[in-house]
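Lettering follows sequence order; numbering is per chain, from 1. Values in this document were obtained by computation on a predicted structure and should not be read as measured data.
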Protein chains: 2
Amino acid sequence: MTGSTSERLVEAAFALYEEQGYDRTTVDDIAARAGVGRATFFRIFGSKEDVIFPDHDVLLERIRTRLAHATVGTGPVAVVEAAAVVLDHYLAEGDLARARYRLTRTVPALRHRELAGMQRYRQVFGEFLRSWFAETGQVADGDVLGVQLRAELLADSIVTAHNHVLRGWLRGETADPRTQLRTALAAILDLHAPRPAEEPAAVVVLRADADLASVLPALRAAVHEPPPR
Amino acid sequence: MTGSTSERLVEAAFALYEEQGYDRTTVDDIAARAGVGRATFFRIFGSKEDVIFPDHDVLLERIRTRLAHATVGTGPVAVVEAAAVVLDHYLAEGDLARARYRLTRTVPALRHRELAGMQRYRQVFGEFLRSWFAETGQVADGDVLGVQLRAELLADSIVTAHNHVLRGWLRGETADPRTQLRTALAAILDLHAPRPAEEPAAVVVLRADADLASVLPALRAAVHEPPPR
DNA sequence: CGTGTCAACGGTACTCAGTCTCACACGGCC
DNA sequence: GGCCGTGTGAGACTGAGTACCGTTGACACG
(Lines give C-alpha, C1' and ligand atoms only; values in the text may rest on other atoms or scores of the structure.)
Protein backbone atom coordinates (compact mmCIF):
# COMPACT_ATOMS: atom_id res chain seq x y z
CA MET A 1 0.00 0.00 0.00
CA THR A 2 1.38 3.35 -0.97
CA GLY A 3 0.56 6.70 0.57
CA SER A 4 -1.27 7.57 3.72
CA THR A 5 -4.70 6.28 4.57
CA SER A 6 -6.22 9.57 3.51
CA GLU A 7 -4.51 9.52 0.13
CA ARG A 8 -5.53 5.94 -0.54
CA LEU A 9 -9.14 6.78 0.26
CA VAL A 10 -9.11 9.74 -2.10
CA GLU A 11 -7.62 7.66 -4.88
CA ALA A 12 -10.12 4.86 -4.33
CA ALA A 13 -13.04 7.29 -4.25
CA PHE A 14 -12.08 9.08 -7.47
CA ALA A 15 -11.46 5.77 -9.22
CA LEU A 16 -14.74 4.20 -8.16
CA TYR A 17 -16.79 7.34 -8.80
CA GLU A 18 -15.51 7.44 -12.34
CA GLU A 19 -15.63 3.70 -12.96
CA GLN A 20 -19.11 2.87 -11.74
CA GLY A 21 -20.64 6.27 -11.06
CA TYR A 22 -21.16 8.21 -7.85
CA ASP A 23 -24.56 6.78 -6.96
CA ARG A 24 -23.60 3.18 -7.49
CA THR A 25 -20.53 3.54 -5.30
CA THR A 26 -20.97 2.90 -1.58
CA VAL A 27 -18.65 4.06 1.15
CA ASP A 28 -18.05 0.41 1.85
CA ASP A 29 -16.64 0.02 -1.65
CA ILE A 30 -14.27 2.93 -1.16
CA ALA A 31 -13.09 1.75 2.23
CA ALA A 32 -12.59 -1.80 0.99
CA ARG A 33 -10.57 -0.61 -2.01
CA ALA A 34 -8.40 1.50 0.24
CA GLY A 35 -7.99 -1.43 2.61
CA VAL A 36 -9.50 0.27 5.65
CA GLY A 37 -12.67 0.06 7.64
CA ARG A 38 -15.80 2.03 6.89
CA ALA A 39 -15.56 3.95 10.15
CA THR A 40 -12.12 5.21 9.21
CA PHE A 41 -13.51 6.80 6.08
CA PHE A 42 -16.01 8.82 8.07
CA ARG A 43 -13.39 9.81 10.61
CA ILE A 44 -11.19 11.41 7.95
CA PHE A 45 -13.88 12.74 5.61
CA GLY A 46 -17.17 13.74 7.11
CA SER A 47 -19.20 12.52 4.19
CA LYS A 48 -19.23 10.71 0.90
CA GLU A 49 -19.01 14.03 -0.89
CA ASP A 50 -16.11 15.57 0.98
CA VAL A 51 -13.58 13.02 -0.33
CA ILE A 52 -13.23 14.62 -3.69
CA PHE A 53 -12.92 18.23 -2.57
CA PRO A 54 -9.76 19.99 -1.50
CA ASP A 55 -9.26 20.98 2.10
CA HIS A 56 -11.16 24.24 2.02
CA ASP A 57 -10.26 25.04 5.61
CA VAL A 58 -6.58 25.18 4.80
CA LEU A 59 -7.18 27.19 1.65
CA LEU A 60 -9.45 29.66 3.44
CA GLU A 61 -6.92 30.15 6.18
CA ARG A 62 -4.25 30.96 3.61
CA ILE A 63 -6.57 33.53 2.08
CA ARG A 64 -7.32 35.09 5.45
CA THR A 65 -3.68 35.49 6.33
CA ARG A 66 -2.92 36.99 2.94
CA LEU A 67 -5.75 39.47 3.28
CA ALA A 68 -4.84 40.26 6.85
CA HIS A 69 -1.48 41.62 5.67
CA ALA A 70 -3.13 44.21 3.48
CA THR A 71 -2.70 47.82 4.41
CA VAL A 72 -5.00 50.69 3.52
CA GLY A 73 -3.49 51.15 0.11
CA THR A 74 -2.87 47.58 -0.91
CA GLY A 75 -6.38 46.15 -0.79
CA PRO A 76 -6.60 45.32 -4.48
CA VAL A 77 -3.18 43.70 -4.49
CA ALA A 78 -4.11 41.53 -1.56
CA VAL A 79 -7.39 40.49 -3.18
CA VAL A 80 -5.74 39.52 -6.43
CA GLU A 81 -3.06 37.52 -4.73
CA ALA A 82 -5.49 35.82 -2.41
CA ALA A 83 -7.50 34.71 -5.43
CA ALA A 84 -4.29 33.59 -7.10
CA VAL A 85 -3.51 31.43 -4.08
CA VAL A 86 -6.65 29.42 -4.70
CA LEU A 87 -6.11 29.21 -8.44
CA ASP A 88 -2.55 28.03 -7.94
CA HIS A 89 -3.76 25.29 -5.67
CA TYR A 90 -6.07 23.90 -8.33
CA LEU A 91 -3.45 24.27 -11.04
CA ALA A 92 -1.03 22.27 -8.92
CA GLU A 93 -3.58 19.50 -8.57
CA GLY A 94 -3.57 18.91 -12.30
CA ASP A 95 -5.46 15.77 -13.28
CA LEU A 96 -7.10 15.57 -9.90
CA ALA A 97 -8.77 18.91 -10.50
CA ARG A 98 -9.87 17.75 -13.93
CA ALA A 99 -11.38 14.56 -12.54
CA ARG A 100 -13.25 16.59 -9.93
CA TYR A 101 -14.54 18.85 -12.64
CA ARG A 102 -15.94 15.91 -14.57
CA LEU A 103 -17.69 14.67 -11.44
CA THR A 104 -19.13 17.99 -10.31
CA ARG A 105 -20.54 18.56 -13.77
CA THR A 106 -22.27 15.19 -13.71
CA VAL A 107 -23.43 14.56 -10.15
CA PRO A 108 -25.92 17.06 -8.68
CA ALA A 109 -25.03 16.24 -5.09
CA LEU A 110 -21.40 17.09 -5.75
CA ARG A 111 -22.31 20.26 -7.61
CA HIS A 112 -24.29 21.40 -4.59
CA ARG A 113 -21.44 20.62 -2.28
CA GLU A 114 -19.13 22.67 -4.47
CA LEU A 115 -21.57 25.56 -4.28
CA ALA A 116 -21.58 25.39 -0.51
CA GLY A 117 -17.80 25.47 -0.54
CA MET A 118 -17.68 28.51 -2.81
CA GLN A 119 -19.97 30.42 -0.50
CA ARG A 120 -17.33 30.32 2.21
CA TYR A 121 -14.84 32.02 -0.10
CA ARG A 122 -17.41 34.68 -0.90
CA GLN A 123 -17.85 35.33 2.78
CA VAL A 124 -14.15 35.66 3.49
CA PHE A 125 -13.62 38.08 0.63
CA GLY A 126 -16.84 39.88 1.53
CA GLU A 127 -15.86 40.45 5.13
CA PHE A 128 -12.46 41.75 4.11
CA LEU A 129 -13.91 44.09 1.53
CA ARG A 130 -16.56 45.39 3.88
CA SER A 131 -14.01 46.52 6.43
CA TRP A 132 -11.66 47.71 3.71
CA PHE A 133 -14.41 49.81 2.13
CA ALA A 134 -15.29 51.24 5.51
CA GLU A 135 -11.72 52.03 6.50
CA THR A 136 -10.60 53.56 3.25
CA GLY A 137 -13.81 55.39 2.49
CA GLN A 138 -13.90 53.70 -0.90
CA VAL A 139 -17.65 53.74 -0.56
CA ALA A 140 -19.21 57.09 0.21
CA ASP A 141 -21.54 57.41 3.18
CA GLY A 142 -24.53 58.30 1.07
CA ASP A 143 -23.88 55.51 -1.41
CA VAL A 144 -26.95 54.02 -3.06
CA LEU A 145 -25.82 50.46 -2.60
CA GLY A 146 -24.06 50.73 0.72
CA VAL A 147 -20.88 49.19 2.05
CA GLN A 148 -22.34 45.77 2.81
CA LEU A 149 -23.88 45.19 -0.61
CA ARG A 150 -20.91 46.62 -2.48
CA ALA A 151 -18.65 44.24 -0.60
CA GLU A 152 -20.90 41.30 -1.45
CA LEU A 153 -21.04 42.29 -5.10
CA LEU A 154 -17.29 42.55 -5.44
CA ALA A 155 -16.75 39.34 -3.51
CA ASP A 156 -19.15 37.58 -5.88
CA SER A 157 -17.25 38.93 -8.85
CA ILE A 158 -13.92 37.78 -7.50
CA VAL A 159 -15.11 34.25 -6.91
CA THR A 160 -16.92 34.11 -10.22
CA ALA A 161 -13.93 35.41 -12.13
CA HIS A 162 -11.74 32.84 -10.44
CA ASN A 163 -14.14 30.04 -11.32
CA HIS A 164 -14.46 31.29 -14.87
CA VAL A 165 -10.73 31.23 -15.41
CA LEU A 166 -10.36 27.92 -13.64
CA ARG A 167 -13.07 26.29 -15.74
CA GLY A 168 -11.40 27.58 -18.87
CA TRP A 169 -8.17 25.93 -17.83
CA LEU A 170 -9.89 22.71 -16.81
CA ARG A 171 -11.40 22.51 -20.27
CA GLY A 172 -8.00 23.06 -21.80
CA GLU A 173 -8.94 26.39 -23.36
CA THR A 174 -6.46 28.52 -21.47
CA ALA A 175 -2.73 28.57 -21.80
CA ASP A 176 -1.92 31.05 -19.05
CA PRO A 177 -4.70 31.08 -16.45
CA ARG A 178 -2.66 33.06 -13.94
CA THR A 179 -2.31 36.19 -16.03
CA GLN A 180 -5.85 35.74 -17.28
CA LEU A 181 -7.09 35.84 -13.69
CA ARG A 182 -5.00 38.93 -12.95
CA THR A 183 -6.28 40.68 -16.05
CA ALA A 184 -9.87 39.83 -15.25
CA LEU A 185 -9.59 40.88 -11.62
CA ALA A 186 -7.93 44.15 -12.61
CA ALA A 187 -10.85 44.91 -14.92
CA ILE A 188 -13.33 43.94 -12.22
CA LEU A 189 -11.66 46.05 -9.57
CA ASP A 190 -11.74 48.91 -12.02
CA LEU A 191 -15.43 48.29 -12.58
CA HIS A 192 -16.09 48.51 -8.87
CA ALA A 193 -13.72 51.38 -8.24
CA PRO A 194 -15.29 54.64 -7.01
CA ARG A 195 -16.50 56.55 -10.00
CA PRO A 196 -15.96 60.25 -9.43
CA ALA A 197 -13.40 59.47 -12.08
CA GLU A 198 -12.63 62.68 -13.84
CA GLU A 199 -9.00 62.18 -12.96
CA PRO A 200 -6.98 59.72 -14.95
CA ALA A 201 -6.85 56.73 -12.65
CA ALA A 202 -4.32 53.99 -12.61
CA VAL A 203 -4.92 50.52 -11.28
CA VAL A 204 -1.68 48.76 -10.74
CA VAL A 205 -1.58 45.12 -9.90
CA LEU A 206 1.67 43.62 -8.86
CA ARG A 207 2.65 40.17 -7.91
CA ALA A 208 4.75 40.22 -4.79
CA ASP A 209 5.79 36.68 -4.15
CA ALA A 210 8.34 37.89 -1.68
CA ASP A 211 7.63 40.01 1.33
CA LEU A 212 4.99 42.55 0.49
CA ALA A 213 6.10 45.01 3.11
CA SER A 214 9.57 45.21 1.64
CA VAL A 215 8.15 46.14 -1.73
CA LEU A 216 5.80 48.84 -0.55
CA PRO A 217 8.28 51.62 0.18
CA ALA A 218 9.84 51.24 -3.23
CA LEU A 219 6.42 51.16 -4.83
CA ARG A 220 5.32 54.34 -3.11
CA ALA A 221 8.53 56.05 -4.04
CA ALA A 222 8.14 55.00 -7.61
CA VAL A 223 4.65 56.37 -7.86
CA HIS A 224 5.41 59.65 -6.17
CA GLU A 225 8.58 60.35 -8.04
CA PRO A 226 8.29 63.03 -10.67
CA PRO A 227 8.14 61.52 -14.12
CA PRO A 228 11.34 61.53 -16.12
CA ARG A 229 11.12 64.39 -18.57
CA MET B 1 -58.24 19.02 8.57
CA THR B 2 -57.93 22.24 6.62
CA GLY B 3 -56.15 22.79 3.35
CA SER B 4 -54.75 20.37 0.84
CA THR B 5 -52.39 17.56 1.72
CA SER B 6 -49.47 19.59 0.47
CA GLU B 7 -50.38 22.59 2.60
CA ARG B 8 -50.85 20.51 5.71
CA LEU B 9 -47.43 18.92 5.19
CA VAL B 10 -45.78 22.31 4.82
CA GLU B 11 -47.45 23.59 7.97
CA ALA B 12 -46.49 20.49 9.91
CA ALA B 13 -42.90 20.66 8.71
CA PHE B 14 -42.42 24.33 9.60
CA ALA B 15 -44.03 23.81 12.99
CA LEU B 16 -41.95 20.77 13.90
CA TYR B 17 -38.69 22.21 12.56
CA GLU B 18 -39.15 25.23 14.78
CA GLU B 19 -40.50 23.37 17.79
CA GLN B 20 -37.98 20.56 18.11
CA GLY B 21 -35.29 21.47 15.59
CA TYR B 22 -34.63 20.24 12.07
CA ASP B 23 -32.35 17.36 12.99
CA ARG B 24 -34.61 15.96 15.68
CA THR B 25 -37.59 15.97 13.33
CA THR B 26 -38.14 12.88 11.22
CA VAL B 27 -40.22 12.69 8.10
CA ASP B 28 -42.43 10.27 9.99
CA ASP B 29 -43.19 13.02 12.50
CA ILE B 30 -44.20 15.42 9.75
CA ALA B 31 -46.37 12.90 7.94
CA ALA B 32 -48.06 11.83 11.16
CA ARG B 33 -48.80 15.44 12.13
CA ALA B 34 -50.29 16.08 8.70
CA GLY B 35 -52.31 12.89 8.99
CA VAL B 36 -50.82 11.19 5.94
CA GLY B 37 -48.44 8.35 5.23
CA ARG B 38 -44.71 8.74 4.92
CA ALA B 39 -44.72 7.78 1.27
CA THR B 40 -47.11 10.61 0.48
CA PHE B 41 -44.61 13.11 1.84
CA PHE B 42 -41.91 11.91 -0.53
CA ARG B 43 -44.33 11.86 -3.43
CA ILE B 44 -45.11 15.55 -3.05
CA PHE B 45 -41.73 16.83 -1.85
CA GLY B 46 -38.65 15.04 -3.02
CA SER B 47 -36.80 15.43 0.23
CA LYS B 48 -36.93 16.57 3.82
CA GLU B 49 -35.38 19.87 2.77
CA ASP B 50 -37.69 20.74 -0.10
CA VAL B 51 -40.75 21.18 2.11
CA ILE B 52 -39.76 24.59 3.34
CA PHE B 53 -38.73 26.09 0.03
CA PRO B 54 -41.01 27.73 -2.50
CA ASP B 55 -41.68 26.08 -5.82
CA HIS B 56 -38.60 27.28 -7.65
CA ASP B 57 -39.72 25.69 -10.90
CA VAL B 58 -42.80 27.87 -11.09
CA LEU B 59 -40.85 30.96 -10.13
CA LEU B 60 -38.13 30.27 -12.67
CA GLU B 61 -40.68 29.75 -15.40
CA ARG B 62 -42.23 33.12 -14.61
CA ILE B 63 -38.81 34.71 -14.87
CA ARG B 64 -38.12 33.03 -18.18
CA THR B 65 -41.34 34.21 -19.73
CA ARG B 66 -40.78 37.74 -18.49
CA LEU B 67 -37.27 37.80 -19.92
CA ALA B 68 -38.41 36.22 -23.17
CA HIS B 69 -40.61 39.25 -23.85
CA ALA B 70 -37.65 41.60 -23.77
CA THR B 71 -36.72 43.35 -26.98
CA VAL B 72 -33.31 44.71 -27.89
CA GLY B 73 -33.86 47.96 -26.06
CA THR B 74 -35.74 46.72 -23.00
CA GLY B 75 -33.20 44.35 -21.54
CA PRO B 76 -32.63 46.25 -18.30
CA VAL B 77 -36.35 46.75 -17.75
CA ALA B 78 -36.99 43.03 -18.18
CA VAL B 79 -34.21 42.15 -15.77
CA VAL B 80 -35.50 44.50 -13.08
CA GLU B 81 -39.04 43.24 -13.40
CA ALA B 82 -38.00 39.62 -13.44
CA ALA B 83 -36.13 40.16 -10.19
CA ALA B 84 -39.16 41.98 -8.81
CA VAL B 85 -41.32 38.95 -9.60
CA VAL B 86 -39.25 36.86 -7.24
CA LEU B 87 -39.13 39.52 -4.56
CA ASP B 88 -42.90 39.97 -4.72
CA HIS B 89 -43.37 36.26 -4.24
CA TYR B 90 -41.42 36.29 -1.00
CA LEU B 91 -43.11 39.46 0.19
CA ALA B 92 -46.49 37.82 -0.35
CA GLU B 93 -45.42 34.86 1.74
CA GLY B 94 -45.02 37.06 4.79
CA ASP B 95 -44.47 35.07 7.97
CA LEU B 96 -43.71 31.94 6.00
CA ALA B 97 -40.70 33.65 4.43
CA ARG B 98 -39.60 34.85 7.84
CA ALA B 99 -39.84 31.36 9.31
CA ARG B 100 -37.80 30.00 6.41
CA TYR B 101 -35.20 32.69 7.00
CA ARG B 102 -34.83 31.65 10.62
CA LEU B 103 -34.37 28.04 9.57
CA THR B 104 -31.91 28.64 6.76
CA ARG B 105 -29.78 30.75 9.07
CA THR B 106 -29.66 27.97 11.63
CA VAL B 107 -29.53 24.67 9.75
CA PRO B 108 -26.54 24.12 7.45
CA ALA B 109 -28.34 21.56 5.30
CA LEU B 110 -31.09 24.04 4.55
CA ARG B 111 -28.62 26.81 3.86
CA HIS B 112 -26.92 24.59 1.30
CA ARG B 113 -30.19 23.74 -0.34
CA GLU B 114 -31.00 27.44 -0.59
CA LEU B 115 -27.64 28.02 -2.26
CA ALA B 116 -28.39 25.33 -4.81
CA GLY B 117 -31.71 27.00 -5.52
CA MET B 118 -30.14 30.41 -6.01
CA GLN B 119 -27.72 29.02 -8.54
CA ARG B 120 -30.60 28.20 -10.86
CA TYR B 121 -31.69 31.84 -10.83
CA ARG B 122 -28.14 32.90 -11.61
CA GLN B 123 -28.15 30.59 -14.58
CA VAL B 124 -31.44 31.85 -15.98
CA PHE B 125 -30.36 35.48 -15.71
CA GLY B 126 -26.92 34.59 -16.98
CA GLU B 127 -28.19 32.88 -20.10
CA PHE B 128 -30.48 35.77 -20.89
CA LEU B 129 -27.73 38.32 -20.39
CA ARG B 130 -25.27 36.38 -22.48
CA SER B 131 -27.51 36.37 -25.52
CA TRP B 132 -28.60 39.94 -24.83
CA PHE B 133 -24.99 41.11 -24.64
CA ALA B 134 -24.22 39.30 -27.86
CA GLU B 135 -27.24 40.58 -29.75
CA THR B 136 -27.00 44.21 -28.71
CA GLY B 137 -23.25 44.46 -28.84
CA GLN B 138 -23.26 45.70 -25.27
CA VAL B 139 -19.97 43.94 -24.86
CA ALA B 140 -17.31 44.76 -27.40
CA ASP B 141 -15.64 41.97 -29.30
CA GLY B 142 -12.23 42.68 -27.90
CA ASP B 143 -13.51 42.97 -24.35
CA VAL B 144 -11.11 41.92 -21.63
CA LEU B 145 -13.70 39.94 -19.71
CA GLY B 146 -15.74 38.56 -22.58
CA VAL B 147 -19.46 38.08 -23.02
CA GLN B 148 -19.75 34.91 -20.96
CA LEU B 149 -17.99 36.25 -17.87
CA ARG B 150 -19.70 39.64 -18.06
CA ALA B 151 -23.06 37.88 -18.14
CA GLU B 152 -22.13 35.76 -15.14
CA LEU B 153 -20.93 38.79 -13.21
CA LEU B 154 -24.09 40.75 -13.81
CA ALA B 155 -26.29 37.74 -13.07
CA ASP B 156 -24.47 37.30 -9.77
CA SER B 157 -25.04 40.93 -8.94
CA ILE B 158 -28.74 40.73 -9.70
CA VAL B 159 -29.28 37.71 -7.49
CA THR B 160 -27.12 39.13 -4.73
CA ALA B 161 -28.89 42.46 -4.80
CA HIS B 162 -32.22 40.69 -4.62
CA ASN B 163 -31.12 38.62 -1.66
CA HIS B 164 -29.67 41.65 0.05
CA VAL B 165 -32.92 43.57 -0.18
CA LEU B 166 -34.95 40.52 0.77
CA ARG B 167 -32.84 39.85 3.84
CA GLY B 168 -33.20 43.45 4.90
CA TRP B 169 -36.97 43.13 4.70
CA LEU B 170 -36.97 39.78 6.49
CA ARG B 171 -35.09 41.37 9.34
CA GLY B 172 -37.59 44.19 9.46
CA GLU B 173 -35.07 46.83 8.44
CA THR B 174 -36.74 47.88 5.22
CA ALA B 175 -40.00 49.70 4.74
CA ASP B 176 -40.16 49.65 0.95
CA PRO B 177 -38.16 46.72 -0.42
CA ARG B 178 -39.60 47.04 -3.93
CA THR B 179 -38.21 50.49 -4.64
CA GLN B 180 -35.03 49.57 -2.84
CA LEU B 181 -34.53 46.66 -5.22
CA ARG B 182 -35.21 48.87 -8.23
CA THR B 183 -32.78 51.49 -7.02
CA ALA B 184 -30.09 48.94 -6.34
CA LEU B 185 -30.55 47.21 -9.68
CA ALA B 186 -30.44 50.53 -11.50
CA ALA B 187 -27.12 51.33 -9.87
CA ILE B 188 -25.81 47.87 -10.68
CA LEU B 189 -26.90 48.04 -14.30
CA ASP B 190 -25.17 51.38 -14.52
CA LEU B 191 -22.06 49.85 -13.02
CA HIS B 192 -22.03 47.16 -15.68
CA ALA B 193 -23.04 49.45 -18.52
CA PRO B 194 -20.46 49.98 -21.24
CA ARG B 195 -18.23 52.95 -20.49
CA PRO B 196 -19.45 55.78 -22.70
CA ALA B 197 -16.24 57.41 -23.82
CA GLU B 198 -12.87 55.93 -23.16
CA GLU B 199 -11.68 58.12 -20.32
CA PRO B 200 -7.95 58.39 -19.85
CA ALA B 201 -7.53 55.47 -17.48
CA ALA B 202 -4.74 53.00 -17.32
CA VAL B 203 -5.10 49.43 -16.13
CA VAL B 204 -1.68 47.99 -15.72
CA VAL B 205 -0.98 44.41 -14.87
CA LEU B 206 2.57 43.58 -14.13
CA ARG B 207 4.38 40.53 -12.98
CA ALA B 208 7.18 41.25 -10.59
CA ASP B 209 8.51 37.76 -10.35
CA ALA B 210 11.99 39.09 -10.60
CA ASP B 211 13.45 42.28 -9.29
CA LEU B 212 11.19 45.17 -8.58
CA ALA B 213 13.69 47.57 -10.01
CA SER B 214 13.38 46.03 -13.45
CA VAL B 215 9.67 46.69 -13.41
CA LEU B 216 9.82 50.25 -12.17
CA PRO B 217 10.37 51.91 -15.56
CA ALA B 218 7.25 50.31 -16.93
CA LEU B 219 5.39 51.27 -13.80
CA ARG B 220 6.48 54.90 -14.01
CA ALA B 221 5.52 54.97 -17.63
CA ALA B 222 2.09 53.62 -16.84
CA VAL B 223 1.48 56.07 -14.06
CA HIS B 224 2.87 59.25 -15.53
CA GLU B 225 2.69 59.06 -19.26
CA PRO B 226 -0.54 60.17 -20.86
CA PRO B 227 -2.41 57.31 -22.43
CA PRO B 228 -2.49 57.07 -26.19
CA ARG B 229 -5.53 58.85 -27.55
C1' DC C 1 11.20 -5.04 31.35
C1' DG C 2 6.61 -3.96 32.78
C1' DT C 3 3.01 -0.63 32.69
C1' DG C 4 0.12 3.37 31.79
C1' DT C 5 -1.44 6.33 28.12
C1' DC C 6 -3.04 7.93 23.95
C1' DA C 7 -4.31 7.90 19.27
C1' DA C 8 -5.77 5.36 15.27
C1' DC C 9 -8.34 1.75 13.67
C1' DG C 10 -11.94 -2.18 12.96
C1' DG C 11 -16.43 -3.84 13.97
C1' DT C 12 -21.06 -3.50 14.97
C1' DA C 13 -25.47 -1.82 16.06
C1' DC C 14 -28.61 1.85 15.36
C1' DT C 15 -31.36 5.79 13.24
C1' DC C 16 -33.32 7.63 9.46
C1' DA C 17 -33.64 9.50 4.52
C1' DG C 18 -34.96 7.99 0.27
C1' DT C 19 -36.59 4.28 -3.13
C1' DC C 20 -39.51 0.76 -4.51
C1' DT C 21 -43.21 -2.45 -4.70
C1' DC C 22 -47.67 -4.02 -3.68
C1' DA C 23 -52.25 -3.72 -2.18
C1' DC C 24 -56.35 -1.11 -1.52
C1' DA C 25 -59.86 2.50 -1.98
C1' DC C 26 -62.09 5.76 -4.72
C1' DG C 27 -64.12 7.87 -8.66
C1' DG C 28 -65.63 7.96 -13.41
C1' DC C 29 -67.15 5.48 -17.67
C1' DC C 30 -68.78 2.05 -20.71
C1' DG D 1 -71.98 -5.03 -12.77
C1' DG D 2 -66.92 -4.75 -14.59
C1' DC D 3 -62.88 -1.93 -15.86
C1' DC D 4 -59.25 1.47 -15.33
C1' DG D 5 -56.50 5.39 -13.70
C1' DT D 6 -55.16 7.86 -9.71
C1' DG D 7 -53.97 8.74 -5.13
C1' DT D 8 -52.80 6.65 -1.02
C1' DG D 9 -50.98 3.55 3.00
C1' DA D 10 -47.97 -0.01 4.38
C1' DG D 11 -43.91 -2.26 4.51
C1' DA D 12 -39.42 -3.93 2.84
C1' DC D 13 -34.94 -2.55 1.49
C1' DT D 14 -30.47 0.10 0.61
C1' DG D 15 -27.14 2.99 2.26
C1' DA D 16 -25.33 7.35 4.68
C1' DG D 17 -24.03 8.92 8.92
C1' DT D 18 -23.47 8.32 14.15
C1' DA D 19 -22.24 6.17 18.47
C1' DC D 20 -19.99 2.98 21.09
C1' DC D 21 -16.78 -0.63 22.26
C1' DG D 22 -12.73 -3.34 21.97
C1' DT D 23 -8.07 -3.91 19.97
C1' DT D 24 -3.71 -2.71 18.50
C1' DG D 25 0.54 -0.40 18.47
C1' DA D 26 3.64 3.40 19.40
C1' DC D 27 5.76 5.92 22.94
C1' DA D 28 6.86 7.38 27.04
C1' DC D 29 8.07 6.74 32.21
C1' DG D 30 9.04 4.15 36.16
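Salt-bridge formation is not detected for the pair A:R8/A:E11: no Lys NZ or Arg NE/NH1/NH2 atom is positioned less than 4.0 Å from an Asp or Glu carboxylate oxygen. Salt-bridge formation is not detected for the pair A:E173/A:R167: no Lys NZ or Arg NE/NH1/NH2 atom is positioned less than 4.0 Å from an Asp or Glu carboxylate oxygen. Ion pairing between B:R24 and B:D29 fails under the 4.0 Å rule for side-chain N and carboxylate O.
Between the CG atom of A:L16 and the P atom of D:dG15 there is a distance of 14 Å, rounded to whole Å. Atom pair B:F42:CZ and D:dG11:C1' shows a separation of 14 Å (rounding to whole Å applied).
When all heavy atoms of A:A97 and A:Y90 are compared, the closest pair comes out as CB-O, 3.7 Å.
Residues forming a salt bridge (charged side-chain N to carboxylate O under 4.0 Å, His left out) with B:E18 (at least two apart in sequence, or on another chain): B:R102. Looking at residues two or more places apart in sequence or on another chain, you find no salt bridge (charged side-chain N to carboxylate O under 4.0 Å, His left out) involving A:R43.
For the segment residues 23-32 of chain B, residues with any heavy atom less than 4.0 angstrom from an atom of DNA chain C are, sorted by number, B:T25, B:T26, B:V27. Listed in residue order, the members of residues 47-58 of chain A having a heavy atom less than 4.0 Å from DNA chain D are A:S47, A:K48.
The cationic group of B:R98 lies under 6.0 Å from the six-membered ring centre of B:W169 and within 45° of the ring axis, placing it in a cation-pi geometry. A cation-pi arrangement is found for A:K48 relative to A:Y22, the charged atom lying closer than 6.0 Å to the ring centre and inside a 45° cone about the ring normal.
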Would you list the protein and nucleotides 9-11 of chain C atom pairs, both N or O, that sit under 3.5 Å from each other?
unit_1: C:dC9; atom_1: OP1; unit_2: A:T5; atom_2: OG1; d: 3.3
unit_1: C:dG10; atom_1: OP1; unit_2: A:G37; atom_2: N; d: 3.2
unit_1: C:dG10; atom_1: OP2; unit_2: A:G37; atom_2: N; d: 2.7
unit_1: C:dG10; atom_1: OP2; unit_2: A:T40; atom_2: OG1; d: 2.2
unit_1: C:dG10; atom_1: N7; unit_2: A:R43; atom_2: NH2; d: 3.3
unit_1: C:dG10; atom_1: O6; unit_2: A:R43; atom_2: NH2; d: 2.7

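Taking the six-membered ring where tryptophan is involved, the planes of A:H56 and A:Y121 are perpendicular, since the angle between them exceeds 60° and thus also 30°.
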Validation: residues 123-131 of chain B side-chain donor-acceptor distances under 3.5 Å, sequence neighbours left out:
unit_1: B:R130; atom_1: NE; unit_2: B:Q148; atom_2: OE1; d: 3.2
unit_1: B:S131; atom_1: OG; unit_2: B:E127; atom_2: O; d: 3.4
unit_1: B:S131; atom_1: OG; unit_2: B:F128; atom_2: O; d: 2.9

